[in-house]
Amino acid sequence: MKQRSAWTVHYTSRDVARPAAVRPWLADLPEDLTPWLDEVGLPDGLPFLLSPRYEYDVVLNSYFHRVNLIGAPWNSNANRARALAGFLNFLHGARGGKSWRQAAEGDHLAFHQWRRRDPAGPRVAGGTWSQEVSHVNQFFEWAVRQNQIGAVPIPHRSRRPAPLGTLQAVRAEGTVPATYAHDEGGERIEWLPPASYRLWRDVGLRGYGPDGLPSGRFKGRWSARNARTPNRRRPGTGPSG
């Protein structure tokens, strides 16, 4: 059998025709896979991964059989599968053919270096990287809970405390991947453009001061305009007198 060079993502489908000539190692498969898909409750479009040797890892792919993923949007599951395949391909091609069970923190850090910083790598944007890390981290945390591996191969840190007075300040405590893009210089707050970040840092933003506390000086987005414009009522809409 010719060996492929990469893990690949595929999707379940009830419309796949059985080939006229069946390979010997597929002879034991049922004529129609639809009853099996129906029995286990797998919808069309659910992703699964095949190894470079055409192997179907039952444990790995059972990750996508969880109720919350079976009911998730197709594009979300596709992103999860592609992110996981990307890390597995790095393990296979650049880390001596390691399996996901053998992955260690050093492998993740090397993947981070290649994916984000190496001039010969893809140099993906911070938001893309953080989403990929989140997907891969969720898989490995699941594998730990299933007693398939002993530890998540991604270094973690404690969550950064959010500014007081914000909704994020009441979020649950815990840890997050230490390689999230906002840990790198110039990317700590990626959802704000530089000018807005400097404004928040110096004088506060939209009702909050630079210390993160609500500011009583904030009167609303249009307060300055409203102070210059007298109230006008349409005829017949105001109180009579």
Side-chain angles (χ1 to χ4, degrees), residues 6-12 43 45-50 57 60-95 98 100 103-146 148-149 151-162 166-168 171-194 196-197:
W7 285 81
T8 51
V9 179
H10 306 267
Y11 303 91
T12 57
L46 196 68
F48 62 92
L49 275 62
L50 292 180
D57 188 319
L60 181 150
N61 285 299
S62 67
Y63 171 70
F64 298 102
H65 297 177
R66 296 179 300 150
V67 173
N68 62 319
L69 295 192
I70 287 177
W74 179 88
N75 60 326
S76 297
N77 281 334
N79 288 337
R80 291 184 179 95
R82 286 193 289 261
L84 183 56
F87 183 55
L88 297 182
N89 279 326
F90 183 80
L91 293 176
H92 176 75
R95 305 297 285 182
K98 282 186 175 182
W100 60 269
E105 285 191 0
D107 300 313
H108 172 77
L109 294 176
F111 183 56
H112 174 249
Q113 174 68 23
W114 171 73
R115 192 122 176 94
R116 289 280 288 138
R117 299 171 175 171
D118 191 334
R123 304 291 293 271
V124 298
T128 299
W129 165 257
S130 291
Q131 184 185 65
E132 293 174 350
V133 173
S134 178
H135 289 323
V136 175
N137 182 69
Q138 289 171 27
F139 165 77
F140 280 106
E141 286 186 338
W142 169 85
V144 169
R145 293 194 299 270
Q146 298 298 312
Q148 297 295 327
I149 56 175
V152 175
I154 298 175
H156 277 59
R157 61 162 176 78
S158 298
R159 290 184 182 274
R160 295 182 184 276
T166 65
L167 293 177
Q168 290 82 2
R171 66 186 176 185
E173 296 182 357
T175 63
V176 294
T179 55
Y180 271 170
H182 55 236
D183 280 349
E184 300 179 12
E187 296 183 283
R188 182 174 177 184
I189 302 182
E190 293 190 11
W191 49 270
L192 281 181
S196 296
Y197 175 72

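Residues Pro153 and Trp100 have side chains not in contact (no heavy-atom distance under 4.5 Å, counting atoms from C-beta outward). With a 4.5 Å cut-off on side-chain heavy atoms, Trp74 and Pro43 do not count as touching. The shortest distance between side-chain heavy atoms of His10 and Pro47 does not fall below 4.5 Å.
The shortest heavy-atom contact between Ala120 and Trp114 is O-NE1, 4.3 Å. Nearest approach of Pro155 to His108, heavy atoms of both residues: CD-CD2, 3.6 Å. Considering all non-hydrogen atoms of both residues, Leu49 and Ala81 come closest at CD1-CB, 3.9 Å. Val144 and Ala151 get closest at one heavy-atom pair: CG2-C, 3.7 Å. The heavy-atom pair separating Pro177 from Ile154 by the smallest distance is CB-CG2, 3.9 Å.
Judged by distance alone, with hydrogens and angles left aside, the side-chain atoms of Asn77 form no donor-acceptor pair with the main-chain N or O of Ile70 at under 3.5 Å. Between the side chain of Arg123 and the main chain of Arg116, a donor-acceptor pair closer than 3.5 Å is present. The main-chain N or O of Ala104 is found under 3.5 Å from a side-chain atom of Asp107 such that the two form a donor-acceptor pair.
Ring planes of Phe111 and Phe90: tilted class, angle from 30 to 60°. Between Trp129 and His112, the ring planes are tilted. Angles from 30° to 60° get that label.
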- Item | Worked verdict on Gln148 versus Leu60 for side chain to side chain contact (heavy atoms under 4.5 Å, CB included) | CA-CA 10 Å; Gln148 297 295 327; Leu60 181 150; over 6 Å; no
- Query: Given the rule in the side chain to side chain contact (heavy atoms under 4.5 Å, CB included) test, do Thr175 and Arg157 qualify, once you have shown the distances and angles that lead to the verdict?
  - Reply: CA-CA 5 Å; Thr175 63; Arg157 61 162 176 78; over 6 Å; no
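For the atom pair Asn137 CG and Ser130 OG, the distance stands at 11.5 Å (nearest 0.5 Å). Rounded to the nearest 0.5 angstrom, Thr8 OG1 and Arg82 CZ are separated by 13.0 Å. Note that CD of Gln131 and OH of Tyr180 are 10.0 Å apart. Values are rounded to the nearest 0.5 Å. Atom-to-atom distance recorded for Asp57:CG and Tyr63:OH is 14.0 Å, nearest 0.5 angstrom. How far CD of Gln113 is from OG1 of Thr179: 12.0 Å, rounded to the nearest 0.5 Å. Of the inter-residue distances, the one linking His65 atom NE2 with Asn61 atom CG reads 6.0 Å to the nearest 0.5 angstrom.
Side-chain atoms of Thr128 and Glu132 form no donor-acceptor pair, as typed in the model, at a separation below 3.5 Å.
Aromatic rings from Phe87 and Trp7 are positioned such that their centres are separated by 6.0 Å or more.
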